[in-house]
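Okay, so here's the structure we're looking at.
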Amino acid sequence: MKHILPALALLALSLNTHGGQQNDVTAAKSAIKEFAGALQAELKTAMQAGGPVAAIGVCNTQAPQIAEEVSSAHGMKLSRVSLKNRSPGNVPSAWQTAVLEKFEVRKAAGEDVGSLAWSETASVDGGQEFRFMKAIPTGGICLTCHGVTIAPDVKQQLAALYPEDRATGFSEGDIRGAFVVTKSLD
Ligand code: HEC
């Protein structure tokens, strides 16, 4: 009987921790949905209105701005990263690189790219941080600016804005990168 109480306390604690992370995962997923939806809508409108060269400008200015807006609305930090990044602002950190590499392994093992996700609670600077990542599949429309063959005017505009662009050569179904959500738990 003596060790049942501590065991129960431990169980309650672990259930509670798990429940907390489950809530954060749900919140992170809905923040990503909002971010992705807004990005896609902006991209589609810009492509239809002014073509891909004009749409590059939208990605360039709107993507970071939408990320910021959704982040502050949800009390979580949202960003996009890639092993082959276009913007120097989207270089993955060490743990993000490790997760992106794991996603590639899981994809190679047959998992659906659209449902690749990962989460953990990590210790950082004496505090706790919730971390969530979700893979971004490369769709047909993405190839205009991230594909193997890119129109000369698009190529020129990309080179002007992103001299260190590494985000070309993708095919449909590839992992283009991932959404990252972090939240301090202190
Ligand atoms: C009109 C050109 C264009 C199209 C089409 C486009 N992108 Fe991009 N993409 C960009 C630009 C420009 C950036 C850099 C944005 C920045 O400066 O933050 C970018 C950045 C990204 C990033 C962030 C990582 C990085 O490489 O910097 C991801 C992820 C991404 N795009 C995914 C997609 C997906 C998925 C699609 C299709 C749904 C898509 N893109 C379609 C131009 C485009």
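Fair warning: this is a prediction, and the values are worked out from it, not measured in the lab. All ligand and atom numbering here is 1-based and tracks the order in the structure.
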Check your understanding: What about Thr144: any of its N or O atoms under 3.5 Å from an N or O on ligand 1?
Key ->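 Not met; the criterion fails.
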Review point. side-chain contact (heavy atoms from CB on, under 4.5 Å) with Met133: which of Gln96, Glu120, Lys102?
Key: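 Of all the options given, the one that passes is Gln96.
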Point to revise | With Arg131, the side-chain contact (heavy atoms from CB on, under 4.5 Å) member among Val124, Val99, Asp24 | key: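 When side-chain contact (heavy atoms from CB on, under 4.5 Å) is applied between Arg131 and each of Val124, Val99, Asp24, only Val124 qualifies.
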Point to revise | Residues Leu39, Arg80; criterion side-chain contact (heavy atoms from CB on, under 4.5 Å); working and verdict | key: CA-CA 12 Å; Leu39 268 177; Arg80 295 186 302 169; 3.7 Å; yes
Exercise for review: Please assess Glu104 against Leu100 for the test side-chain contact (heavy atoms from CB on, under 4.5 Å), listing each intermediate value before the final yes or no.
Suggested key: CA-CA 6 Å; Glu104 292 292 349; Leu100 285 165; 6.0 Å; no
Nearest-contact summary for [atom] - protein heavy atom, Å:
atom: atom 14 (C) of ligand 1; value: Tyr162 OH, 3.3 Å
atom: atom 27 (O) of ligand 1; value: Asn90 ND2, 2.7 Å
atom: atom 20 (C) of ligand 1; value: Arg80 NH2, 3.5 Å
atom: atom 32 (C) of ligand 1; value: Arg176 CG, 3.2 Å
atom: atom 34 (C) of ligand 1; value: Cys142 SG, 3.4 Å

Show which atoms of ligand 1 fall inside a sub-4.0 Å distance from at least one heavy-atom site of [X].
X: Asn85; answer: 25 (C), 26 (O)
X: Ile56; answer: 1 (C), 2 (C), 12 (C)
X: Pro52; answer: 1 (C)
X: Ala55; answer: 1 (C)
X: Cys145; answer: 1 (C), 2 (C), 3 (C), 4 (C), 5 (C), 42 (C), 43 (C)
X: Pro137; answer: 35 (C)
X: Ala167; answer: 26 (O)

Quick one: which of [options] has a heavy atom closest to [atom]?
atom: atom 6 (C) of ligand 1; options: Gln65, Lys44, His146, Gln62; answer: His146
atom: atom 35 (C) of ligand 1; options: Val91, Ile141, Ile136, Asn60; answer: Ile136
atom: atom 25 (C) of ligand 1; options: Gln157, Arg166, Arg86, Gln40; answer: Arg86

Review point. What do you reckon, does Phe179 put a non-hydrogen atom under 4.0 Å from ligand 1?
Key: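 Judged by the 4.0 Å heavy-atom criterion, Phe179 does not count as contacting ligand 1.
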Check your understanding: Between Phe170 and Lys84, is there a cation-pi geometry (under 6.0 Å to ring centre, at most 45° from the normal)?
Key ->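 Yes, Lys84 sits over the ring of Phe170.
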Practice item. Ignoring hydrogens and angles, state whether a donor on the side chain of Ser184 or Glu129 is under 3.5 Å from an acceptor on the partner side chain. Key: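 Result is no, nothing qualifies.
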**Study point:** Any Gln157 side-chain heavy atom under 4.5 Å of Pro52 side chain
**Key:**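 When only atoms from C-beta onward are counted, Pro52 and Gln157 do not touch, as no gap falls below 4.5 Å.
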Practice item. Compare all side-chain heavy atoms of Val25 with those of Ser119 and state whether any distance is below 4.5 angstrom. Key: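 Val25 vs Ser119: side chains touch.
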Check your understanding: Do Tyr162 and Ile150 belong to the same hydrophobic cluster, where Ile, Leu, Val, Met, Phe, Trp and Tyr are linked whenever their side-chain heavy atoms lie under 4.5 Å apart, directly or via other members?
Key ->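 Tyr162 clusters together with Ile150.
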Review point. Backbone N or O of Val113 within a donor-acceptor pair of the Arg106 side chain at under 3.5 Å?
Key: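 No; zero donor-acceptor contacts below 3.5 Å.
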Exercise for review: Determine, stepwise, if the pair Val148 / Thr168 fulfils side-chain contact (heavy atoms from CB on, under 4.5 Å).
Suggested key: CA-CA 6 Å; Val148 178; Thr168 56; over 6 Å; no
Point to revise | Residue portion contacting ligand 1 (non-hydrogen atoms closer than 4.0 Å) for Thr138 | key: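 Neither part.
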